[in-house]
Amino acid sequence: DAGITQSPRHKVTETGTPVTLRCHQTENHRYMYWYRQDPGHGLRLIHYSYGVKDTDKGEVSDGYSVSRSKTEDFLLTLESATSSQTSVYFCAISESSGTGDNEQFFGPGTRLTVL
Amino acid sequence: GQNIDQPTEMTATEGAIVQINCTYQTSGFNGLFWYQQHAGEAPTFLSYNVLDGLEEKGRFSSFLSRSKGYSYLLLKELQMKDSASYLCAVMGLTGGGNKLTFGTGTQLKVEL
């Protein structure tokens, strides 16, 4: 299994509070991604990173920010959590973006509940 | 943009063969992935197709037709542990990183 951990694994918070989720990898992969998974929507890309300090928006980036100060860590921040951000959040990594070694490996997920 | 369709649910019998279809419409195409996801767990990679044809990996095979925007995942000799959600995902052509767009998944139930 790819070495990907997420923390925390579960979190309950209140509307309006800031929340930061952490993804840590030991594979030295260049690309890292944050997804959310909701019933009826499948996995949706929030933000991704293609290198240290290089990030870009995904499909559902509103209300989220990210940072990547070193290869192994990718942080997802909800500046002011809302109930619509209650979801399961998955981090993923990949070695390349071409047609080889480009499969994404997923972390165990973080279940976030915003009350 | 991308649009991916796959059946919501399927049921099959242990030992049988099941085919899960996926159709897609995309503005750019750089490959199609299949993932398996058991309830409460992370998705795990099953297969990748970028050229037309069939890719076989043990009990699992995946087929792609780019001209038809169509793929299927074939599972043979079904086992109870194959009960899971199967996710079809298309990789688009972008400037940075391989951005995947996922379908909503097909929940497969394997019965005795």
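Letters A, B, ... mirror the listed sequences (proteins, then strands); counts begin at 1. Just so you know, these numbers use all the heavy atoms, side chains as well, and skip hydrogens, waters and symmetry mates.
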### Task
Considering only heavy atoms and a distance below 4.5 Å, find which of Thr44(B), Thr8(B), Thr104(B) pairs most often with chain A.
Thr104(B)
### Message
Heavy atom to heavy atom, less than 4.5 Å: which residues from residues 8-16 of chain A reach chain B?
### Response
none
### Query
Just wondering, are more than 12 heavy atoms of other shown residues or ligands nearer than 6.0 Å to CZ in Arg59(B)?
yes
### Proximity breakdown for Leu87(B) and chain A, heavy-atom pairs closer than 4.5 Å
side chain
### Query
Atom CG in Leu43(A), atom CG in Leu100(B): separation rounded to 0.5 Å?
9.5 Å
Check whether the side chains of [X] and [Y] place a donor and an acceptor atom closer than 3.5 Å, and report yes or no.
X: Ser49(A); Y: Tyr33(A); value: no
X: Thr106(B); Y: Gln6(B); value: yes
X: Tyr24(B); Y: Asp5(B); value: no

### Query
Do you know which of Thr26(B), Leu51(B), Leu32(B) makes side chain to side chain contact (heavy atoms under 4.5 Å, CB included) with Arg66(B)?
Leu51(B)
### Message
Between Gln37(A) and chain B, with a heavy-atom cut-off of 4.5 Å, which part of the residue counts as in contact: side chain, backbone, both or neither?
### Response
side chain
### Query
Going by heavy atoms in the side chains, are Ser80(A) and Thr17(A) under 4.5 Å from each other?
no
